[in-house]
Amino acid sequence: MSELLVLRNHIDGEYTDAADGRRLEVTDPVTGEVYASSPLSGAADVDAAMAAAAAAFPTWRDATPSTRQKLLLRIADAVEARAEEIADAECRNTGKPRALTLTEEIAPIVDQIRFFAGAARLLEGRSAGEYMEGMTSIVRREPIGVCAQVAPWNYPLMMGVWKFAPALAAGNTVVLKPSDTTPASTVLLAGIIGDILAEMGLPAGIFNVVCGDRETGRLMVEHPTPAMAAITGSVRAGMQVAASASKDIKRVHLELGGKAPAVVFEDADVAEAVAGISLAGFFNAGQDCTAATRVLVHESIHDAFVSALAKAAAGTKTGGGIDDEDVLYGPLNNADQLAQVSGFIDRLPAHATVESGGHRVGEKGFFYAPTVVSGLEQDDEIIQNEVFGPVITVQPFSDEAQAISYANGVEYALASSVWTKDHARAMRMSRALDFGCVWINTHMILAAEMPHGGYKKSGYGKDLSAYGFEDYTRIKHIMTAL
C-alpha cells in the first residue's frame, strides 16, 4: 500500500497541522480506500486563521483595485500553468474523468478568476448628488471584512473559486474550508496563492484554508471575527449556517440544493432534447444542483421520449477510473452519497418504473449506473427531494398550466429549462418558472458574466457575475453640508 498523502491547513502563509493533532481520513471514491489524511481543525485553528485574516484586512481593504486585479490575474496564470498538477489533485478528490476535469472545470476556473480580476477595477460608488438643499451625498461601495467560506465536495475547487475570487476582488480577506471528503485541491491552491502573496509583498493572511468537518464549519460561522458567512451545500447545511450567523447578525450568502425541471413540449426536437438533458442529468454523476434531474414531457411524446432517454442512459458510461476517456462521469463522492442515491431507488413506489440503470456499478468505489425512472407522481419522494446522483425522473403533462404547476411544485428554485421551437411559449414559460435561471433549448451552461443563484430553499445570493461581486461589498452613504 502506498504511503498516505498528508494534507495540512494553510494559515497566515504557513502549512500547519491541527493544534490538537487530530486528523481525518480522506477516501478515494474510485477505490473506496483511504489515500490521504487532513487536519480536523478545532477552535484554536479557527482562531488562528481568523486572526490572520483580520490582521491582513486593513492592508487589503486599502489596496488599490489594480493591486487586487494583479493578485487575481497571477492566481489565474498559476492555475493555468499548473493545470495538470491541479487536475491530478482534483481527480483524487472526486474520481472524475481527468480529461473532462481539465476542460470543464480547470479551464472555466481560470476564466472565472480572470473575470473577477476585471471586476476588481469596477468597484465604484455613485457620483455626488444633491437630494436635500445644502447637502451633497456620495455612496461608497466597500469590502465587508473577513469572510468565512465553506465549499462543497461536488466541485471542490470551482466552488472554492466562486467563493474567494469575488471576495478578494472586493477587498475582503478569506478563511475557506473545503469539504472533509475533498480537501486536496484546495490545500494545493492555498500554497500557490501563499507564494504569490509573498512575492507581491502582501500579507499572508489575505487567504487562509482550514480543513475539518461540520463542527469546524460551525466554529468558523459562529466566530466573532467574520462579517460574512458563505456556503455552497445542502439545504440542511444552509439552514444551520443561517441560524448560526444570526447570533451576531452576520451577512449570509447561501447557494443550496436544486431540483431542476426540464420542460419538453411536443414541438421540441426529441433527439436534441434527449441528448442535452441526458448530458445535463448525468454529468458529474448528477452531483450538481442545476442538473436536469426532473424531466416534464408533453403527454403526446412522453413514451417516445422515455424510450429514447432510457437508450441514451444505457449508452452512457461510468466507472473504469479517471483515465478512461470513454467515461462521462466518475463515482459518487462518498459512501454516504452512494447510500443516499441507492435509498431513493430502493424506496420507489409501486407505480414507478426503472427504465434504465437503478443499481451500483462494480464492487469497489462508489459508482452508480445512469438511471431513468418513469411512472411517477408529483408528491413522490424522488420528485420532491434532491437525489444528487445520476438519476433522471420523467413525468407527463397535458398543457402549459400543468407543466408550470409541476415544475414550480417543489421547494427548490435554482435552475430550469424549456425545450420548444415556439418563441412565445418559451418567453411565457421563462416568466412563469419560479427559478433563478431558465435555459431555453439547452441546460446547465454557465458564463462568468451571468449570475448563478436561486430562490426558496435553494438559497439566496448570487455566484459569478457583477451581482456575485456586489454580494461581497457593503454600501456606505456619506452626506456633507455645503
Side-chain angles (χ1 to χ4, degrees), residues 49-50 52-54 56-73 75-76 109 111-126 139-152 158-177 186 189 193 197 202-203 205-209 220-221 223 225-233 238 241-242 245 248-256 436 446 448-454 459-477:
M50 295 300 174
F57 176 64
T59 299
W60 191 236
R61 175 196 62 204
D62 296 338
T64 61
S66 61
T67 298
R68 296 178 196 158
Q69 181 186 57
K70 184 178 179 181
L71 172 63
L72 287 164
L73 288 175
I75 293 170
I109 282 169
D111 177 68
Q112 290 155 4
I113 297 172
R114 287 176 177 153
F115 169 81
F116 284 113
R121 301 293 285 264
L122 299 176
L123 183 61
E124 58 184 16
R126 297 180 64 182
V139 173
R140 290 176 55 91
R141 267 197 189 278
E142 300 179 337
I144 296 168
V146 176
C147 296
Q149 301 182 321
V150 179
M158 181 179 283
M159 295 299 99
V161 165
W162 288 16
K163 295 285 179 287
F164 78 75
L168 295 182
N172 304 286
T173 55
V174 166
V175 178
L176 174 65
K177 189 191 89 67
T186 308
L189 184 63
I193 294 176
L197 289 169
L202 293 168
I206 288 172
F207 182 77
N208 308 272
V209 168
M220 287 173 53
V221 173
H223 198 280
T225 295
M228 180 175 181
I231 180 176
T232 297
V241 166
D248 54 2
I249 321 297
K250 284 185 180 67
R251 187 178 295 197
V252 178
H253 184 283
L254 303 176
E255 201 281 280
L256 309 177
L446 298 175
E449 294 84 354
M450 290 294 107
H452 173 85
Y460 45 82
K462 297 295 183 183
D463 288 319
L464 301 177
S465 79
Y467 301 98
F469 178 56
E470 290 176 357
D471 277 355
Y472 285 93
T473 67
R474 65 183 189 180
I475 302 297
K476 178 184 287 183
H477 171 224

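Computed from a prediction, not measured in an experiment: that's the story for all the values here. Heavy-atom basis, side chains included; hydrogens, waters and symmetry copies ignored.
- Proximity of Pro226 to Met220: side-chain heavy atoms (C-beta onward) are nowhere separated by under 4.5 Å.
- Summarising the geometry, atom CZ belonging to Phe164 is positioned 4.5 Å from atom CD1 belonging to Ile113; distances are rounded to the nearest 0.5 Å.
- The minimum heavy-atom distance linking Ala120 with Pro65 is given by the pair O-CB, 3.2 Å.
- Take Arg141 and apply the salt bridge (charged side-chain N to carboxylate O under 4.0 Å, His left out) test, not counting sequence neighbours, and it matches Glu470.
- In terms of heavy atoms, Pro203 sits closest to Leu197 at O-CD1, 3.9 Å.
- Here Thr232 pairs with Lys163 under the side chain to side chain donor-acceptor pair (under 3.5 Å) rule; sequence neighbours left out.
- Counting heavy atoms from C-beta outward, Arg68 and Leu123 have side chains that approach closer than 4.5 Å.
- Residues forming a ring pair (Phe, Tyr, Trp, His ring centres under 6.0 Å) with Phe116 (at least two apart in sequence, or on another chain): none.
- Note that the OG1 atom of Thr473 and the CZ atom of Arg140 stand 12.0 Å from one another [nearest 0.5 Å].
- For Arg121, the salt bridge (charged side-chain N to carboxylate O under 4.0 Å, His left out) test picks out no residue, with sequence neighbours left out.
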Apply side-chain contact (heavy atoms from CB on, under 4.5 Å) to Lys462 and Asp471, showing your working. CA-CA 7 Å; Lys462 297 295 183 183; Asp471 277 355; 4.1 Å; yes
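- Partners of Asp111 by salt bridge (charged side-chain N to carboxylate O under 4.0 Å, His left out), not counting sequence neighbours: none found.
- Atoms CG and CG, on Asn208 and Leu176 in that order, are 9.5 Å from each other to the nearest 0.5 Å.
- Looking at Asp463 and His253, their side chains come closer than 4.5 Å, going by heavy atoms from C-beta outward.
- For the pair Ile206 and Trp60, the tightest heavy-atom approach, listed with the atom from each and the gap, is CD1-CE3, 3.5 Å.
- With sequence neighbours excluded, the residues satisfying salt bridge (charged side-chain N to carboxylate O under 4.0 Å, His left out) with Arg474 are Glu142.
- In this structure Ala167 satisfies the side chain to side chain contact (heavy atoms under 4.5 Å, CB included) test together with Cys147, Gln149, Asn172, Val174, Tyr472, sequence neighbours excluded.
- Put simply, the side chain of Leu71 does not reach to within 4.5 Å of the side chain of Phe207, judged on heavy atoms.
- For the residue pair Ala245 and Val221, the shortest heavy atom distance occurs at N-CG1, 3.8 Å.
- Legend: residues meeting side chain to side chain contact (heavy atoms under 4.5 Å, CB included) with Leu446, ordered by chain and number and at least two apart, are Trp162, Trp439, His452.
- Here Thr64 pairs with Ser66, Thr67 under the side chain to side chain donor-acceptor pair (under 3.5 Å) rule; sequence neighbours left out.
- Note that CD1 of Ile109 and CE of Met159 are 8.0 Å apart. Values are rounded to the nearest 0.5 Å.
- Across every non-hydrogen atom of Ala49 and Val175, the tightest pair is O-CG2, 3.7 Å.
- When the side chain to side chain contact (heavy atoms under 4.5 Å, CB included) test is applied to Val150, the partners found at least two apart in sequence or on another chain are Lys177, Ile231.
- Ala54 pairs by the side chain to side chain contact (heavy atoms under 4.5 Å, CB included) definition with Val146, Thr225, not counting sequence neighbours.
- For the pair Leu464/Gln112, a side-chain contact is recorded, criterion being any heavy-atom separation below 4.5 Å from C-beta on.
- Closest approach of Gly468 and Pro166 over heavy atoms only: O-CB, 4.2 Å.
- Using a distance-only test at 3.5 Å, with no hydrogens or angles considered, no donor-acceptor pair links the side chain of Arg61 to the main chain of Thr173.
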